[in-house]
Participant: 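Below you will find the structure I want to go over with you.
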Amino acid sequence: MSATSPSLVEGTVLDGGRGQYRVQTADVTLICDLRGKLRKDLLYAISPSWRHKARRANVKARDPLAVGDRVRVLPTGGGRGMIEEIVPRAAGAFSREADVGLTTSVAGIDQIVAVFAVRDPEPHLGLLDRLLVMAEAQEISAIVCLNKADLGADAVLLERSDMYRSLGYTVVLTSAANGLGLDELRGRLAGRTSALLGPSGVGKSSLLNALEPGLALRVAEISDSTGKGRHTTTGTRVVPLAGGGFVADTAGIKTLGLGRAAAGQLDWCFRELRPYLGRCQHNDCGHRHEPGCAIRAAVAAGEVDQTRYDSYCRLYDQGAAQAGRVWRDLTSSRSLVGEGEFRL
Ligand code: GDP
Ligand code: ZN
């Protein structure tokens with residue numbers, strides 16, 4: 001399968017489903033059918049490991065392809081093509097053991113951009129922690145974007161930003177109004193498939209438009225045209241960026257699997273807690289009230305940020321699934337799909 005025919009061109013699935021997809025190649029967008037036998041091939045020929053097969057098998061239960069997947073297409077003329085091969089995803093997103101069995105319709109997304117405003121509305125860092133847990137649960141990267149920097153970030157927020165940076169997260173201060181940080185954000189989006197997530201009013205649409213004129217409209221137009229004049233039926237889609245990479249239409253995102261968080265590994269999803277895991281007196285320590293808890297000791301010693309630990313406790317007490325519910329309440333009109341999945 002790796003000996004690719006020279007007549008095949010590689011591209012990215014923009015949207016589609018049930019055998020028909022729009023694929024962006026280097027120079028053109030093609031409406032593509034899926035080679036019929038590919039569904040079977042997915043399970044037996046392309047996947048390099050059983051884990052990959054297992055995951056594919058699960059995705060296949062919904063659709064053999066996810067938006068954002070890389071595919072090899074045989075152009076058949078008239079703006080159409082035939083998807084002949086699916087490029088296995090790179091190690092990292094959705095390829096680890098914890099993700100076996102995870103079904104998701106955002107499999108192609110490899111980066112979450114958590115967008116908040118420095119003020120108006122006040123940033124909700126508890127929600128930020130929830131988003132970061134979602135990213136960690138899926139082992140995809142997350143960056144933090146603090147928009148409306150032109151309004152001035154207060155000292156407390158800057159201190160919190162530094163704390164997130166110390167955890168290894170990239171924090172970008174942006175302003176859609178005066179252009180601050182846009183080059184950096186553009187650079188972070190290039191070559192990735194990103195989902196901008198965050199409360200309404202923080203400037204997500206404004207940011208997209210500031211990055212590329214009309215971009216927000218292109219995303220919105222697509223999500224508003226449900227079914228009408230469209231050749232496919234699934235809602236999730238990605239929009240190409242001029243500088244390379246894609247932005248996901250978050251309105252179309254159905255679910256984000258919780259992976260490890262749902263599997264009782266919420267603590268692992270707080271990356272700063274990982275060095276302490278396995279050091280508690282009890283194997284199944286929830287790090288709440290148990291004696292001999294290494295994590296509570298680390299918090300007491302100031303090695304782990306108290307507020308982040310508070311977020312952990314809140315999510316732990318709610319349960320991972322409940323955390324999805326709270327996310328729904330905060331962002332409205334969005335609901336929890338089922339155990340172990342967030343619906344956005
Ligand atoms: P969304 O709901 O996250 O897509 O937010 P919008 O893009 O609709 O922006 C919400 C409001 O914030 C609008 O009135 C924007 O004009 C304003 N806004 C967006 N970005 C900025 C910014 O960087 N600075 C300032 N001062 N206002 C902004
Ligand atoms: Zn513990």
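Both ligands and their constituent atoms are indexed starting at 1 by order of listing.
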Participant: With hydrogens left out, which residues have an atom under 4.0 Å from ligand 1, given that only heavy atoms count?
Facilitator: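 Those residues closer than 4.0 Å to ligand 1 by some heavy atom are N147, K148, D150, L151, S175, A176, A177, P199, S200, G201, V202, G203, K204, S205, S206.
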Participant: Using atom types as modelled and distance alone, determine if a side-chain donor or acceptor of Y309 lies under 3.5 Å from a backbone N or O of H287.
Facilitator: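 Indeed, once roles are kept as given, a pair shorter than 3.5 Å links the two residues.
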Participant: Looking only at N, O or S atoms in H287, which is nearest to the Zn ion (ligand 2)?
Facilitator: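 Considering only N, O and S atoms, H287 comes nearest to the Zn ion (ligand 2) through ND1.
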Participant: Is R72 paired with E84 through a side-chain N to carboxylate O contact shorter than 4.0 Å?
Facilitator: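 So E84 does not pair with R72 through a salt bridge.
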Participant: Does a donor on one side chain sit under 3.5 Å from an acceptor on the other, for R314 and S311?
Facilitator: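 There is such a pair between these side chains.
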Participant: Using atom types as modelled and distance alone, determine if a side-chain donor or acceptor of K204 lies under 3.5 Å from a backbone N or O of V115.
Facilitator: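 Side chain of K204 to backbone of V115, a donor-acceptor pair under 3.5 Å: no, none is there.
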Participant: In sequence, state the C-alpha distance, the side-chain angles, and the governing distance for T174 and N147, and then conclude on side-chain hydrogen bond (donor to acceptor under 3.5 Å, both in side chains).
Facilitator: CA-CA 5 Å; T174 62; N147 190 39; 2.9 Å; yes
Participant: Report yes or no: does H282 have an N/O/S atom closer than 2.8 Å to the Zn ion (ligand 2)?
Facilitator: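 Not a single backbone or side-chain N, O or S atom of H282 is under 2.8 Å from the Zn ion (ligand 2).
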Participant: Any side-chain to backbone donor/acceptor pair from R296 onto E290? Under 3.5 Å, distance only.
Facilitator: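 Yes, the answer is positive, given that a donor and an acceptor are paired below the 3.5 Å cut-off.
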Participant: Of the options L127, L132, L131, which is the one that meets D129 in a side chain to side chain contact (heavy atoms under 4.5 Å, CB included)?
Facilitator: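 Single side chain to side chain contact (heavy atoms under 4.5 Å, CB included) partner of D129 among L127, L132, L131: L132.
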